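Here's the structure we're looking at; comments come further down.
Note that this is a predicted model, so its numbers are computed, not measured.
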Amino acid sequence: MGELAKLPNIGKTVEEQLLQVGISSADELKAVEAKEAWLKIQAIDESACIHRLMALEGAIQGVKKTMLSDEVKADLKEFYQWHKK
């Protein structure tokens, strides 16, 4: 596994998807931000779910997705509802 898989919540599959959409480092993920990264992943994997979106945000913040604040979770859920396929 590479650099991305060392982040919280990022396993082999999500790391591979991030690489496929052109995100190859933690710095790139932080620059793109979770929502945009998730939209890119959703374009190649329609099964991308709310948990993947929260995992990406948690990875950026350096915490497990369950530790995200309620405000962040609510914002991500609203974003997901607008963008799910």
Side-chain H-bond candidate by donor/acceptor type, D45 with S47, under 3.5 Å: yes

Determine whether L76 and L68 make a side-chain contact, defined as any pair of heavy atoms from C-beta on separated by less than 4.5 Å. yes

A side-chain contact here means heavy atoms from C-beta on lying under 4.5 Å apart; do K73 and M54 qualify? yes

Is a side-chain donor-acceptor pair under 3.5 Å present for E16 with Q20? no

Hydrophobic clustering (ILVMFWY, side-chain heavy atoms < 4.5 Å, transitive) - are W82 and I50 grouped together? no

Close side-chain approach of I41 to L53, heavy-atom, < 4.5 Å: no

For L18 and V14: C-alpha separation, side-chain torsions, deciding distance, then whether side chain to side chain contact (heavy atoms under 4.5 Å, CB included) applies. CA-CA 6 Å; L18 287 167; V14 176; 4.1 Å; yes

Checking R52 against Q42: is there a side-chain donor and acceptor pair closer than 3.5 Å? no

Stepwise, does the side chain to side chain contact (heavy atoms under 4.5 Å, CB included) test hold for L56 with N9? CA-CA 7 Å; L56 291 167; N9 314 307; over 6 Å; no

Side chain to side chain contact (heavy atoms under 4.5 Å, CB included) between K40 and V32, worked out: CA-CA 10 Å; K40 289 174 182 275; V32 170; 4.3 Å; yes

Can a side-chain donor-acceptor contact be found between S24 and E28 if the only test is distance below 3.5 angstrom? yes

Just verifying a value: how many Å separate L4 CG and K12 NZ, rounded to the nearest 0.5 Å? 14.5 Å

I'd like to know whether L7 forms a side chain to side chain contact (heavy atoms under 4.5 Å, CB included) with I60, so could you lay out the CA-CA distance, the side-chain angles of the two residues, the decisive distance to 0.1 Å, and finally the verdict. CA-CA 8 Å; L7 298 171; I60 289 169; over 6 Å; no

For a quick test of reading the model, state the closest non-hydrogen atom pair linking P8 to A59 and the distance between them. O-CB, 3.3 Å

Is it true that a side-chain atom of E15 and a backbone atom of G2 form a donor plus acceptor pair closer than 3.5 Å? yes

Check ion pair D75-K35 (N to O, under 4.0 angstrom): yes

Do V72 and Q61 have side chains that approach each other closer than 4.5 Å (heavy atoms only, starting at C-beta)? yes

Indicate yes or no: at least one non-hydrogen side-chain atom of H83 is less than 4.5 angstrom from one of W38. yes

For the atom pair CG (L29) and CD (E3), what is the distance rounded to the nearest 0.5 Å? 10.0 Å

